[in-house]
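The structure under discussion appears below in the form of structure tokens.
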There are 2 protein chains.
Amino acid sequence: MDAHRHFFHKYFTLYRPFVNELNRMLEDYNLYYAQWSIMYYLDVYQSMTLVELSKMLYVEKPTVTRTVNALIKLDYVEQIPVRDKREKRIQLSKTGVHVVQEVRKVFDQYEQEIMTGISNEDQATVIRVMETVRDNIIRKGD
Amino acid sequence: MDAHRHFFHKYFTLYRPFVNELNRMLEDYNLYYAQWSIMYYLDVYQSMTLVELSKMLYVEKPTVTRTVNALIKLDYVEQIPVRDKREKRIQLSKTGVHVVQEVRKVFDQYEQEIMTGISNEDQATVIRVMETVRDNIIRKGD
DNA sequence: AATAAATAGTTACCCAAGGTAACCATTTTG
DNA sequence: CAAAATGGTTACCTTGGGTAACTATTTATT
């Protein structure tokens with residue numbers, strides 16, 4: 001078997017245990033991973049529109065609408081007024097900011113645990129490879 | 001941001017474009033990725049029981065039952081008789097073997113394309129890291 | 001040998017997370 | 001100013017997973 005074939009297989013066999021575990025941790029905050037990923041971006045970028053999220057997450061607009069609505073209902077996210085009346089621009093609410101801090105603590109802890117024994121250099125390699133692969137996939141796809 | 005935080009984010013942002021693209025390719029064979037992953041294992045291990053698959057795939061038994069039934073309906077997979085009457089042991093059918101060959105060709109081609117510019121050494125590093133991470137996740141989880 | 005426990009699989013439900021098609025409002029462009 | 005583009009929503013559908021409760025069979029215990 002060639003290395004690249006191993007790569008894809010390994011990539012996907014990691015997904016299920018990984019996302020299961022993260023969802024289990026998010027239970028305490030009434031969140032699922034798909035919701036968390038939006039909060040993650042809002043933490044990084046302060047505020048975003050649904051279309052921006054849609055492109056970042058690589059999912060369709062209706063999916064974003066639904067997930068954002070769930071976050072608004074949880075009071076983790078709020079809409080902010082903006083000139084263009086078509087746009088829905090959102091940011092983390094006060095509660096949301098707090099939840100992000102909490103979840104980050106939990107995730108950082110967990111992430112460090114499961115990365116034990118992997119050098120910073122190797123971590124950097126993996127990140128670079130995944131970035132490249134993603135770019136390649138998207139470039140070919142569209 | 002620490003490296004490990006980058007790692008997790010990168011890992012998940014790759015997933016959606018990746019699985020979308022693979023599903024698009026599998027359309028020609030009336031397959032979805034979840035079904036393909038079972039055929040992949042059957043190709044590697046010749047024959048497997050549903051419980052074995054369940055453990056390998058890290059999904060519950062009912063999920064395996066459903067997916068396998070779909071593959072049997074497609075005539076890509078067939079049951080083989082076995083001493084223990086509780087067990088359902090399956091293997092690729094003749095058609096299934098053929099389909100695996102075809103899909104492999106398509107995937108290998110695609111995979112090589114999107115891995116361009118990544119050295120064999122880096123690919124090996126990524127594989128090793130993902131294996132380690134998966135083991136760590138599963139060890140912590142249970 | 002008879003019973004209890006374990007194992008393999010199925011059935012009947014439920015839910016998260018995505019998708020498409022069609023649409024409305026608003027803004028931008030020709 | 002009409003046409004096209006953009007941002008978002010609604011309605012409906014699908015994949016792919018889950019849990020609880022069950023049957024059938026095999027294995028272990030008494």
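Given the structure is predicted, the values throughout are model-derived calculations rather than measurements. Letters go in sequence order (proteins before strands), and every chain restarts at 1.
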Between dG9(C), dG8(D), dT26(D), which nucleotide has the shortest distance from any of its atoms to the side chain of K85(B)? dT26(D)
Assign K61(A) to base, sugar-phosphate, or nothing according to its heavy-atom contacts below 4.0 angstrom with the strands shown. base
Of all the nucleotides listed (dG9(C), dT26(C), dG8(D)), which has the minimum atom distance to the side chain of R86(A)? dT26(C)
Nearest to the D84(A) side chain among dT27(C), dG7(D), dG16(D), which nucleotide is it? dT27(C)
Criterion side chain to side chain donor-acceptor pair (under 3.5 Å) against S47(A), the qualifying member of R89(A), Q91(A), Q79(A): R89(A)
Hey, which of these two, R83(A) or V59(A), hits DNA chain C nearer its 5' end, going by closest nucleotide? V59(A)
May I ask you to say what R66(B) touches in the nucleic acid, namely base, sugar-phosphate or nothing, with a heavy-atom cut-off under 4.0 Å? base
If I take atom OH in residue Y32(A) and atom P in nucleotide dC15(C), what distance separates them, rounded to the nearest angstrom? 9 Å
Scan T49(A) against the nucleic acid and name what it touches under 4.0 Å (heavy atoms): base, sugar-phosphate only, or nothing. sugar-phosphate
T65(B) side-chain proximity, nearest of dG9(C), dA17(C), dT25(D): dG9(C)
When the aromatic ring centroids of Y58(A) and Y15(B) are compared, is their separation below 6.0 Å? no
If I take atom CG in residue L57(A) and atom P in nucleotide dA17(C), what distance separates them, rounded to the nearest angstrom? 12 Å
From Y29(B), Y40(B), F18(B), W36(B), residue fulfilling ring pair (Phe, Tyr, Trp, His ring centres under 6.0 Å) relative to F107(B): W36(B)
Is the Y33(A) ring parallel, tilted or perpendicular to the F12(B) ring (thresholds 30°, 60°)? tilted
Whole angstrom value for the distance that separates P of dG16(D) from CG of N20(B): 11 Å
Closest approach to the side chain of T63(A), judged atom by atom: which nucleotide of dG7(D), dG19(C), dG9(C) is it? dG19(C)
Nucleotide of dG18(D), dG9(C), dT26(C) approaching K88(B) most closely (side-chain heavy atoms): dG9(C)
